Q: 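Okay, here's the structure, questions in a sec.
As the structure is a computational prediction, the values presented were derived from the model and not from experiment. Naming convention: chains lettered A, B, ... in sequence-line order (proteins, then strands); numbering from 1 in each chain.
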Number of protein chains: 2
Amino acid sequence: MANIKDIARLAGVSVATVSRVLNDHPYVSEAKRAAVQEVVQRLNYSRNVNAVHLITGKTNMVGVVIPYLNLPYFNSIMEGIAQEALEANVHLLVSQTNYAADKETELLNMLKIKQIDGLLICSRSLKWEVIEAYSQFGPIIACEYIESDRISSVHIDHYGSFRLAMQLLLEKGHTRIGYCLGRGHSFNSRNRRRAFSDALSSAGVPVREEWMFYQIYSIEDGAEVVRSILDMEERPTALLVAGDQVAAGIISEAVKNGLRVPEDLAIVSFDNHPIAQLFDITTIDNRLVEIGRTAFSLLLKRLQDPASPVEHRELPFRLIERATV
Amino acid sequence: MANIKDIARLAGVSVATVSRVLNDHPYVSEAKRAAVQEVVQRLNYSRNVNAVHLITGKTNMVGVVIPYLNLPYFNSIMEGIAQEALEANVHLLVSQTNYAADKETELLNMLKIKQIDGLLICSRSLKWEVIEAYSQFGPIIACEYIESDRISSVHIDHYGSFRLAMQLLLEKGHTRIGYCLGRGHSFNSRNRRRAFSDALSSAGVPVREEWMFYQIYSIEDGAEVVRSILDMEERPTALLVAGDQVAAGIISEAVKNGLRVPEDLAIVSFDNHPIAQLFDITTIDNRLVEIGRTAFSLLLKRLQDPASPVEHRELPFRLIERATV
DNA sequence: ATGAAAGCGCTAACAT
DNA sequence: ATGTTAGCGCTTTCAT
């Protein structure tokens, strides 16, 4: 492969001049510029970016820590990130972590050694204190709520959205309410749980542990929840479901078993995925794609101006009333 | 940031020795190894991979050309790729191209300049002849059928699977059959179209252009198809649908408009996405995740042994009979 | 405007 | 077993 020296020799100029031409620097005579460009064309030359990375300390790549690419929640966020990255001409080093801490550490380390210019974290296992320590090496943006003066974040108010959903159900007279979440111990989940129990207690209703389901991710998981409910002596009359996909699984299985929705089982779901429309599910739009877009643009801003401040943006959620409440 | 020289100085050894320790090379005394490791720990040192990339000419990164991350078809393939990459500890440079040729060229170029070690192509706009020219720079694997002695591929037999679907429909007595595809001009689509018309002509039935729908990707697109059909004087009685998501949209809209499935409109769909189960859709499992996994492992093999031959693997598809035929 | 030369941080061939 | 040293391909002073 030809290198910059070859080009310089063939064009009859110095490597510095070639570099200037390559980087669109001023102070190069038209004649030499043309000569260089001709040789570049003729040899079909491309710069070795690894050398460029080494010397500039930048890579035009940002890392993305994402637990599961195929879960609708994360897929939507990723979609937003990818859209903006395409636009900004920045490359994405995507690491599907399955929540493995060592995978997260790996990307953090890449930031430290400048293999990536910045890092987007959709969700993580590592503690924020650990992650914060890496912010000295480059901007880090979180797609969840975090109080930090070193890591920017974009999030929606999961507490608020869960309270809204609860209010909807309580107003309809429901008191036997359960919920389905993914990870039970995440920050978001804890918030949701808190909203859930706050709403219940302000209505003077006790929390029923047996109606709280965790590790519910898929359509099949949703069906499973319905089967558990059917076996109960006392069943919940309403369910908050984190994820439309799961809600669809629940509704489908419920109907199959003679339960009417919403009469026997009301559902409020989250995310406003296309499938929610299909099943006419009342859902709260969490603006997931927008979260991804915003996260990326926050990152870009800090990349372009490292002095720009750490920001925390809360995106408004939005209730979509349909037929399951 | 500390570099290898600092470590060498502090540990009282040469940079070569440090490099040997870092790379687990033999011929280093335990004493020196320990000394180096101690300093590495103490300084929390990490190698600058950009320098390593420059000198080794490798990056432990592979590129992924993928048109849309959020389309179920591609998302499933991506899932397979990501699973294997996680396992193999290889990083993924993912480029969502939206089928923009210049984005594809960009990754091809990265291969040329060794910014990535290999390339996975899920689908593309560029001609294979163009892409083939880059195979000299590193292994390229395609997730679609291609006849090439330079690019390996994993694919399923779209012609065969479409023929099977047609056979199913013809056996049930359908002769007024239409289809819904995404891109109409892709290689896969052309194959499917061919299977479609071959099947029809072998049954002595003419092809009806007005029943062939293109650019159909989403649930909403599916609903739109139904609305077009309802307006027709003569309607198809069956539809081949590339994608369960779209099929779900079709069924939902059809039922809303009083059409019975399969009595008024039979559906055979493809991919066996979880949503197909929910809607009880007869579908042909295209083994998408498996395609992704296989593509990655083919790439890995060629990365580890560049002399290993170009391979073309066809994965068997599988009919899942449910209730829409 | 142009070029010479000094690195960027690392690996590996070579010498000892 | 260990160290010295020559690059990898590029950018960027610093001269001129």
Q: Decide whether B:E87 and B:Q83 meet the rule of one side-chain donor and one side-chain acceptor closer than 3.5 Å.
A: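 No, no side-chain donor-acceptor pair sits under 3.5 Å.
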
Q: Please list, one pair per line, the donor and acceptor atoms closer than 3.5 Å that link side chains of residues 71-78 of chain B to other protein atoms, with sequence neighbours excluded.
A:
from  : atom 1 : to    : atom 2 : distance (Å)
B:N75 : ND2    : A:L69 : O      : 3.4
B:N75 : ND2    : B:L69 : O      : 3.3
B:S76 : OG     : B:P72 : O      : 3.0

Q: What is the distance, to the nearest angstrom, from the CZ atom on A:R9 to the P atom on C:dT2?
A: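 It is 20 Å, rounded to the nearest whole Å.
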
Q: Who are the side-chain contact (heavy atoms from CB on, under 4.5 Å) partners of A:S95, not counting sequence neighbours?
A: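 Applying side-chain contact (heavy atoms from CB on, under 4.5 Å) to A:S95 gives A:T97, A:K103, A:L107.
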
Q: Report for the helix from C:dA1-D:dT16 to C:dT16-D:dA1: angle between first-end and last-end helix axes, five pairs each, rounded to 10 degrees.
A: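 Answer for the end axes of this duplex: 40°.
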
Q: Quick one: is C:dG9 close enough that its OP1 or OP2 comes under 4.0 Å of any side-chain N or O from A:K114?
A: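 No, because none of the side-chain N or O atoms of A:K114 sits under 4.0 Å from OP1 or OP2 of C:dG9.
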
Q: Identify which one of A:I81, A:V65, A:V154 satisfies the side-chain contact (heavy atoms from CB on, under 4.5 Å) criterion when paired with A:L120.
A: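 So the option named by the test is A:I81.
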
Q: Can B:E106 and A:H91 be counted as having a side-chain donor-acceptor contact under 3.5 angstrom?
A: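 Yes, A:H91 and B:E106 have a side-chain donor paired with an acceptor closer than 3.5 Å.
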
Q: Expressed in angstrom and rounded to an integer, what is the separation of B:H53 atom NE2 from C:dA12 atom P?
A: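 In whole Å, C:dA12 P and B:H53 NE2 are 13 Å from each other.
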
Q: Shortest non-hydrogen contact from A:K114 to A:G57?
A: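 Taking every non-hydrogen atom into account, CD-O, 3.6 Å.
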
Q: Among the candidates C:dG3, D:dG3, D:dA1, find the nucleotide nearest to the side-chain atoms of B:V13.
A: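 Among C:dG3, D:dG3, D:dA1, the one nearest the side chain of B:V13 is D:dG3.
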
Q: Show me, pair by pair, the donor-acceptor contacts under 3.5 angstrom made by side chains of residues 130-144 of chain B, not counting sequence neighbours?
A:
from   : atom 1 : to     : atom 2 : distance (Å)
B:E132 : OE2    : B:S148 : OG     : 2.5
B:S135 : OG     : B:E132 : O      : 2.7
B:S135 : OG     : B:R150 : NE     : 3.4
B:Q136 : NE2    : B:A133 : O      : 3.0
B:E144 : OE2    : B:R124 : NH1    : 3.3

Q: Using whole Å, report how far CG of B:D6 lies from C1' of C:dC8.
A: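 Checked: the CG to C1' distance equals 13 Å.
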
Q: Applying side chain to side chain donor-acceptor pair (under 3.5 Å), name anything that partners A:R42, two or more places apart in sequence or on another chain.
A: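 Counting only residues at least two positions away or on another chain, A:R42 forms a side chain to side chain donor-acceptor pair (under 3.5 Å) with A:E38.
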
Q: Could you run down nucleotides 8-16 of chain D 5' to 3' and tag each one B, S or - for protein heavy-atom contact under 4.0 Å?
A: BBBBBB---

